[in-house]
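Note that the structure is predicted; figures quoted are calculated from it, not measured. All values below were derived from every heavy atom in this structure, side-chain atoms included, with hydrogens, water molecules and symmetry-related copies excluded. Numbering of ligands and ligand atoms starts at 1, following listing order.
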Amino acid sequence: MENIFGLTIQEIDKRCHELQMPSYRSKQIADWIYHKSANSFEGMNNLPKDLRIALAAQFSILKAECIKQWDSTDGVTTKFLLRFFDGVTVETVLMRQPYGNSVCISTQAGCAMGCAFCASTLHGVTRNLTTGEMLAEVFWVNDYLHIKNQKVDTMVLMGSGEPMMNYDNVLGFLRLIHEKYCLNFGYRNITISTSGVIPGIKRLEKEDLPITLSISLHAANDNLRSELMPINKKYPIHDVIAAGKAYSETTRRRVTYEYILIHDVNDTDKDAYDLANLLRGQMANVNLIPINPVRERNWKRPPKERVGEFLNILEKMHIPTTVRREMGTDIQAACGQLRNQYECGIEREFFD
Ligand code: SAH
């Protein structure tokens with residue numbers, strides 16, 4: 001049975017062709033699903049009863065269920081472990097930022113990219129998430145915030161997975177959530193983060209949507225980057241940066257380069273100068289992320305002074321730079337860490 005949650009009005013229309021339904025009915029159905037958060041066809045009381053029965057025979061309305069929730073002690077971050085119809089789980093994170101509620105969405109269950117510092121990729125990729133499943137992540141958090149009369153304001157595609165390896169579903173999701181009959185979500189409030197999959201960046205550039213692009217760089221030379229991020233062997237650093245530059249020129253939006261700081265690995269003065277030189281002349285800014293230590297690796301955060309010096313060099317070289325606020329480290333908020341602990345049954349060790 002097909003899941004209707006995640007279909008556009010046009011897709012509903014097409015699928016319902018055999019039901020000989022006038023097209024305004026598709027709008028009514030979308031209104032029930034996306035505005036009124038209906039979970040069954042039964043209560044759609046502006047549709048004829050026969051149609052409701054026919055729809056129920058053809059479609060399901062499946063979202064996600066939450067099987068676990070963690071709150072950071074500072075109250076800033078809440079992490080949800082969501083489960084889809086086939087038992088696959090993903091993490092979705094709510095971050096209460098000064099500028100509003102931001103949600104961090106997973107685009108795949110697991111990840112195939114193999115980055116050395118990332119917990120999401122330790123068990124590979126299970127499968128791509130569908131348009132409806134990514135939308136269900138946002139709906140879950142919206143429903144959770146609804147009780148407090150709040151909603152999701154901004155969204156980052158920075159959870160588990162590589163969005164560019166699930167391009168069609170991701171774009172379908174972004175276009176759907178932007179629709180007025182769905183959540184009317186502004187493209188300017190969306191950031192999509194990639195490990196540097198150039199064909200995906202090029203495709204997104206052609207869409208010409210005002211979405212912010214974030215590129216995970218994490219090293220300023222090919223040798224180190226290839227070690228940390230195997231994708232660099234396919235798409236080396238200078239090509240990735242050229243793709244970022246083209247994206248910012250087409251969309252007139254500043255590209256963010258993410259740079260995890262790992263002590264004694266990529267945090268020297270030379271690394272900072274090399275990074276600044278790479279980005280010079282580009283509409284770009286850098287987001288420094290002191291690494292969230294992952295249980296399976298032996299890497300450490302640089303001391304605060306080192307982070308400060310790294311930042312100073314970039315600023316001196318006129319690269320706008322921010323340091324990511326530490327959020328939710330007490331709930332292991334780095335990508336994929338909670339899901340791994342849950343799936344490996346070692347969660348108790350961490351939280352008891
Ligand atoms: N695949 C995409 C999006 C998911 S990763 C990408 O690579 O951008 C989202 C961000 O979290 C990336 O910048 C990633 O490098 C970062 N990240 C992964 N593991 C981390 C860790 N242990 N500490 C801090 N940031 C981490």
Fill in: Any Ser120 heavy atom less than 4.0 Å from ligand 1
no
Practice prompt. Take every heavy atom of Gly159, measure it against each atom of ligand 1, and state whether any distance is under 4.0 Å.
Written response: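 It does; at least one heavy atom falls under 4.0 Å.
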Considering only heavy atoms of [X], which atoms of ligand 1 have at least one such atom less than 4.0 Å away?
X      : result
Ile291 : 22 (N), 23 (N)
Gly161 : 1 (N), 2 (C), 3 (C), 4 (C)
Ser216 : 6 (C), 7 (O), 8 (O), 12 (C), 13 (O), 15 (O)
Ser193 : 2 (C), 3 (C), 6 (C), 8 (O)
Glu258 : 13 (O)
Ser195 : 6 (C), 7 (O), 8 (O)

Is it true that, when you exclude [X] itself, more than 12 heavy atoms of the residues, nucleotides or ligands shown sit nearer than 6.0 Å to its [atom1]?
X      : atom1 : value
His35  : NE2   : yes
Met113 : CE    : yes
Asn298 : CG    : no

Discussion item. Students often mix this up, so state it plainly: with edges at 30° and 60°, are the rings of Tyr34 and Tyr181 parallel, tilted or perpendicular?
Written reply: tilted
Item to complete: Check the angle between the aromatic planes of His178 and Tyr187 and answer parallel, tilted or perpendicular using the 30° and 60° thresholds.
Response: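 Answer is parallel, since the angle falls under 30°.
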Item to complete: Look at Asp143 together with Lys63 and state whether they make a salt bridge at an N to O cut-off of under 4.0 Å.
Response: no
Worksheet entry | Lys/Arg N to Asp/Glu carboxylate O, Arg203 vs Asp168, below 4.0 Å | yes
Region of [X] that comes within reach of ligand 1 [heavy atoms, distance under 4.0 Å]:
X      : value
Thr107 : neither
Glu162 : both
Ile260 : side chain
His218 : side chain

Practice prompt. Return a yes/no value for Arg324: is any of its N or O atoms, backbone included, closer than 3.5 angstrom to an N or O of ligand 1?
Written response: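 In this structure, Arg324 places no N or O atom under 3.5 Å from an N or O of ligand 1.
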Discussion item. Under a 3.5 Å threshold, yes or no: a donor from one side chain and an acceptor from the other, between Thr78 and Arg96?
Written reply: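 Present: a donor and an acceptor within the cut-off.
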Response to the item:
The option among Cys104, Cys118, Pro293 carrying the non-hydrogen atom nearest to atom 19 (N) of ligand 1 is Cys118
Worksheet, complete the sentence: In this structure, CG of Leu275 is separated from CZ of Phe310 (nearest 0.5 Å) by 5.5 Å
